[in-house]
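First comes the structure, then the notes that go with it.
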Amino acid sequence: MTGTEERTSAESPEPGGYAAARLRLLTEGARTGPPRRAALAELTDDWLAGLFTAGAGRPRGISGISLVAVGGYGRGELSPRSDLDLLLLHDGSDPTAVAALADRLWYPVWDLGLDLDHSVRTLAEARRTAGEDLKVQLGLLDARHLAGDLGLTAGLRTAVLADWRNQAPKRLPELKELCDERAERQGELRFLLEPDLKEARGGLRDATALRAVAASWLADAPREGLAEARRTLLDVRDALHLSTGRATDRLALQEQDQVAAELGLLDADVLLRQVYEAAGVISYAADVTWREVGRVLRSRAVRPRLRAMLGGGKQVAERSPLAEGVVEQEGEVVLARAARPERDPVLPLRAAAAAAQAGLPLSPYAVRRLAATARPLPTPWPAEAREELVTLLGSGRPTVEVWEALEAEGLISRLLPDWERVRCRPQRNAVHIWTVDRHLIETAVRAAALTRHVHRPDLLLVGALLHDIGKGWPGDHSVAGEIIAKDVATRIGFDAEDAAVLATLVRHHLLLIDTATRRDLDDPATVRSVADAVGTQGTLELLHALTEADALATGPAAWSSWRGSLVADLVRRVGALLAGDLPDEPAPTAPTAEQERLAIEAFRTGGPVLALRARSEPVPTEETPGAPEPLGVELLIAVPDQSAVLPAVAGVLAVHRLTVRTAELRTLRLPQDVHGDGSVLLLDWRVAAEYGSLPEAARLRADLVRALDGSLDIGGRLAERDAAYPRRRGLLAPPPRVTVAPAASHHATVIEVRAQDAPGLLHRIGMALEKAGVRVRSMHVSTLGANAVDAFYVTTGAGEPLPEQDAGSVARVLEETLRAP
């Protein structure tokens with residue numbers, strides 16, 4: 001039968017003709033996807049139009065009554081088992097005739113066993129019902145004329161769209177609440193093993209909601225990939241209906257292989273991955289759209305008051321700097337006007353880290369620009385890029401949203417090519433509640449809360465990101481992951497020793513939990529085998545934290561207090577086996593000629609002397625092979641030995657918005673020919689401007705002189721700046737942890753501080769130690785991402801280690817000081 005004959009038979013009011021044509025369309029397989037859905041809608045249109053004409057007993061040009069398709073049918077999205085959403089619209093002039101026509105329309109549909117959602121209303125009734133029921137209004141937004149009075153249908157569409165746009169400030173928040181409630185009930189489509197393609201978050205209902213938002217003219221969704229994602233979910237639903245013979249939207253486990261075969265896919269995993277990718281596109285578009293709706297509605301609410309207060313005029317959005325090339329504007333992170341992504345390959349990571357630390361979303365337009373114009377990072381990465389990645393990973397829950405924004409534009413796979421193999425990869429394990437990629441990010445989120453428990457939080461966070469990276473390859477994912485992790489670590493700039501630690505973490509990330517729950521811990525061979533695999537105390541410490549983060553990120557069934565206690569017991573036993581003599585205070589290296597010159601000058605002048613010089617590391621780029629990559633600026637300061645030097649120097653740097661990446665403080669004895677008993681404090685720090693350019697050395701020295709003589713109110717200056725430009729508190733960081741390292745030195749007491757890096761942190765620590773009456777003999781400070789890991793070797797005024805009780809008291813006071821707001 002030709003296409004023309006098929007339509008002709010379907011136009012007949014007899015159900016048999018339509019049923020036969022419908023069956024042929026669905027079983028012949030000549031058309032699939034959008035063409036088949038369109039053909040099914042057209043076939044159904046023709047049949048219903050025939051029923052309408054026959055039932056009305058008048059030609060198609062009758063006035064005062066029309067048949068209208070609404071909802072999914074109105075959009076022409078008819079899946080094999082979709083119900084028909086129909087509205088019989090009339091002008092109210094002949095209710096009896098309308099009721100009779102409705103019977104002649106609905107009963108043939110029911111006779112075929114098709115699901116029908118029907119209503120009979122006048123234009124006024126339709127508008128009133130839409131105003132009372134949001135779901136009815138959403139369905140009418142897709143109203144499409146089928147038969148009868150075309151003018152009546154056009155009037156309905158015009159009125160409904162006008163009502164929707166006029167009522168958008170009230171109705172869109174209701175729609176957002178409806179979407180949120182549905183997401184709470186149904187879960188996230190892109191992570192479910194048996195997802196509901198329509199109701200789950202990121203499903204077809206969310207895609208329809210985005211169309212409704214666009215129709216309001218208040219905001220619009222990112223369109224890139226959205227239509228394709230919608231088509232993917234509709235194609236899967238079509239295959240689900242055909243393979244099961246039921247009107248279902250739930251993709252059950254036992255049906256996934258059959259659905260995959262219907263679509264010509266390799267297996268159920270490929271099917272789920274396509275579904276997850278489509279759902280991710282829709283979810284991201286929904287997040288961006290609802291954020292924009294909120295911004296527009298807030299702006300509309302505030303603008304009249306501002307105009308009244310300021311006498312009219314266009315308001316310019318305030319832009320607050322967050323990092324070099326990155327600012328906050330209207331609750332989003334955007335690029336500064338002077339930012340040049342094409343010249344700054346670190347900018348994508350810097351912007352992402354700044355957004356996550358501030359707890360703000362990345363503007364989709366900024367991410368799109370970064371994806372289109374940013375240069376690729378050289379291999380290995382420069383130090384700043386690695387630090388920004390660690391900062392992003394250590395930002396806790398805000399990391400997830402920022403990471404998803406980068407993924408939406410393909411930036412993650414560009415930064416970490418191995419990520420592509422785990423992206424949207426399902427895990428067919430009832431214990432796992434996430435896909436592989438989301439599990440890795442969730443593990444980093446959990447690890448961020450444990451950074452105070454390890455000496456190398458950067459290795460913990462990167463290890464969390466990579467621990468399951470081998471699941472994209474055949475075989476044991478731990479073995480494959482070890483190789484990948486070592487390669488990635490080297491590529492992003494870790495040295496060989498750190499890369500080896502990361503490889504060990506990935507290779508043995510299941511070792512502690514498997515051994516603790518399946519082996520006899522009283523057997524010395526058990527403890528010895530773990531010690532041999534781990535190798536060092538530092539790696540054991542990292543593996544312990546990674547084990548907990550991994551289990552917590554897997555799901556509620558993967559971790560418990562019992563499992564935690566077993567792992568802790570194993571770690572205690574292995575740690576005891578690995579324990580040896582702890583290292584004493586590192587022996588100071590001999591001063592360089594420049595350091596000695598500065599020290600002598602400081603002693604002779606009685607004041608501070610400093611020097612700024614750029615430090616570099618050789619990182620080749622495509623344009624300039626072998627050219628040095630800026631690593632930061634080295635700040636050398638020599639000050640005659642006196643009290644309060646640490647808080648003074650740290651405070652001056654904070655006032656000038658200089659971020660401390662590493663810092664060393666030590667006492668330098670002067671040569672005998674200079675002074676018999678002279679000593680100078682030597683500070684060797686690496687600093688970077690928070691944003692903007694570095695201050696001149698002369699200005700730093702002038703402020704340092706004033707800080708040391710007490711004429712510069714550092715606390716007041718910092719308080720004024722914070723009041724004028726308050727820092728956002730987007731990140732809920734783990735609380736600071738201050739401990740005394742037992743027997744770490746024979747000559748001093750070692751106080752270790754692990755805290756969230758923040759402007760003025762070293763100044764606060766220095767002030768607290770000064771008030772405690774202890775002398776800082778030396779210090780070793782490092783900033784790893786957003787985490788400060790500092791060790792202070794302190795003594796009494798007489799140069800002796802602190803008594804145990806006093807040391808504990810100093811640590812407690814310091815921790816309380818850092819916890820205070």
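What you see is a predicted model, and the numbers here were worked out from it, not measured in a lab.
- With sequence neighbours left out, Thr490 forms a side-chain contact (heavy atoms from CB on, under 4.5 Å) with Ala499.
- Thr796 is linked by a side-chain hydrogen bond (donor to acceptor under 3.5 Å, both in side chains) to nothing, counting only residues two or more places apart in sequence or in another chain.
- For the pair Arg657 (side chain) and Glu690 (backbone), a donor-acceptor distance under 3.5 Å is absent.
- By the side-chain contact (heavy atoms from CB on, under 4.5 Å) test, Ala354 is found to be paired with Leu322, Ala323, Val326, residues two or more places apart in sequence or in another chain being considered.
- Counted within 6.0 Å of CD on Glu594, heavy atoms from surrounding residues, nucleotides or ligands total more than 12; the atom is thus considered enclosed.
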Could you pull out every donor-acceptor pair under 3.5 Å between side chains of residues 636-643 and any protein atom, sequence neighbours left out?
residue : atom : partner : partner atom : Å
Asp641  : OD2  : Ser679  : OG           : 3.4
Asp641  : OD2  : Arg775  : NH2          : 3.0
Gln642  : NE2  : Pro640  : O            : 3.1

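- In this view, Ala648 and Leu704, Ala707, Leu708 satisfy the side-chain contact (heavy atoms from CB on, under 4.5 Å) rule, not counting sequence neighbours.
- With sequence neighbours left out, Arg754 forms a salt bridge (charged side-chain N to carboxylate O under 4.0 Å, His left out) with Glu752.
- Comment: Arg661 engages Glu387 in a salt bridge, judged by a side-chain N to carboxylate O separation of less than 4.0 angstrom.
- Taking Asp458 as the reference, Arg456 meet the salt bridge (charged side-chain N to carboxylate O under 4.0 Å, His left out) condition, with sequence neighbours excluded.
- Closest heavy-atom contact between Ala355 and Leu362: CB-CG, 3.9 Å.
- Partners of Asp522 under the salt bridge (charged side-chain N to carboxylate O under 4.0 Å, His left out) rule, at least two apart in sequence or in another chain, are Arg573.
- Partners of Glu442 under the side-chain hydrogen bond (donor to acceptor under 3.5 Å, both in side chains) rule, at least two apart in sequence or in another chain, are Arg397, Arg438.
- With sequence neighbours excluded, the residues satisfying side-chain contact (heavy atoms from CB on, under 4.5 Å) with Arg528 are Asp532, Leu577.
- Every residue two or more places apart in sequence or in another chain was checked for a ring-ring contact (aromatic ring centres under 6.0 Å, His included) with His544, and none qualifies.
- Using a cutoff of 4.0 Å between basic side-chain nitrogens and carboxylate oxygens, Asp344 and Arg350 are scored as salt-bridged.
- Residues meeting the salt bridge (charged side-chain N to carboxylate O under 4.0 Å, His left out) test with Arg706, sequence neighbours left out: Asp703.
- Closest of all the heavy-atom pairs between Trp685 and Met779 is CZ2-CE, 3.1 Å.
- Counting only distance, with no hydrogens or angles, the side chain of His453 and the backbone of Leu450 share no donor-acceptor pair below 3.5 Å.
- One finds the OG1 atom of Thr749 at 4.0 Å from the CG atom of Leu802 (value rounded to the nearest 0.5 Å).
- The CG atom of Leu377 lies 11.5 Å from the CZ atom of Arg386; values are rounded to the nearest 0.5 Å.
- Under 4.0 Å is where a charged nitrogen must lie from a carboxylate oxygen, and between Arg812 and Glu816 no such pair does.
- Aromatic pair Tyr793/His747: centroids not less than 6.0 angstrom apart.
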